[in-house]
Amino acid sequence: MNEEKDMAEARAILAGYRASIDNIDAALIHMLAERFRCTKAVGVLKAEHGLPPADPSREQQQIARLRQLAKDANLDPDFAEKFLNFVVREVIRHHEQIAADNGVMKTG
Ligand SMILES: O=C(O)C(=O)C[C@]1(C(=O)O)C=C[C@@H](O)C=C1
């Protein structure tokens with residue numbers, strides 16, 4: 001009897017956590033969509049001006065900044081770095097595609 005009640009309570013608590021997880025996942029998707037909307041515009045700008053798709057020194061600054069933010073927020077900084085690298089790799093792929101589609105080559 002008590003076990004059933006405990007289980008029902010646990011399921012209710014789990015459902016509450018899952019409602020928050022669903023909201024957070026939705027926010028992440030919207031934030032990522034907005035980030036990619038911005039980086040696609042950056043890709044067009046770079047292609048138009050013959051700028052290289054990747055900027056490793058900018059990435060180093062971003063990694064250092066996000067690692068510190070992660071530490072302060074009690075999130076694993078290695079995970080934060082891997083996540084940023086994962087996103088930035090996809091951005092660079094988009095930049096390269098935009099440049100290729102526009103046949104843009106820097107001639108000097
Ligand atoms: O800031 C840039 O130059 C970008 O193209 C954006 C961005 C990023 O997604 O943050 C992507 C590629 C670069 O290597 C560095 C940063």
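This structure is a prediction, so every number in the text was calculated from the model and none was measured. Start at 1 and go down the list; that is how both ligands and their atoms are numbered.
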List, by chain and number, the other hydrophobic cluster members for I92, where Ile, Leu, Val, Met, Phe, Trp and Tyr join if side-chain heavy atoms come within less than 4.5 Å, directly or indirectly. I63, L66, L69, L84, V88

When clusters are formed by joining ILVMFWY residues with side-chain heavy atoms under 4.5 Å apart, either directly or through shared neighbours, do M31 and F36 land in the same one? no

Salt bridge check: are R37 and E34 linked by an N-O gap of less than 4.0 Å? yes

In V91, V87, N85, the residue satisfying side chain to side chain contact (heavy atoms under 4.5 Å, CB included) with R89 is N85

Any idea which residues sit under 4.0 Å from ligand 1, heavy-atom distances? R35, T39, V42, K46, P53, A54, D55, R58, E59, Q62, V88, V91, I92, H95

Check the pair S57 / D55 against side-chain hydrogen bond (donor to acceptor under 3.5 Å, both in side chains), numbers first and verdict last. CA-CA 6 Å; S57 69; D55 184 340; 3.1 Å; yes

Heavy-atom nearest pair, L75 first then A80, reads CD2-CB, 4.4 Å

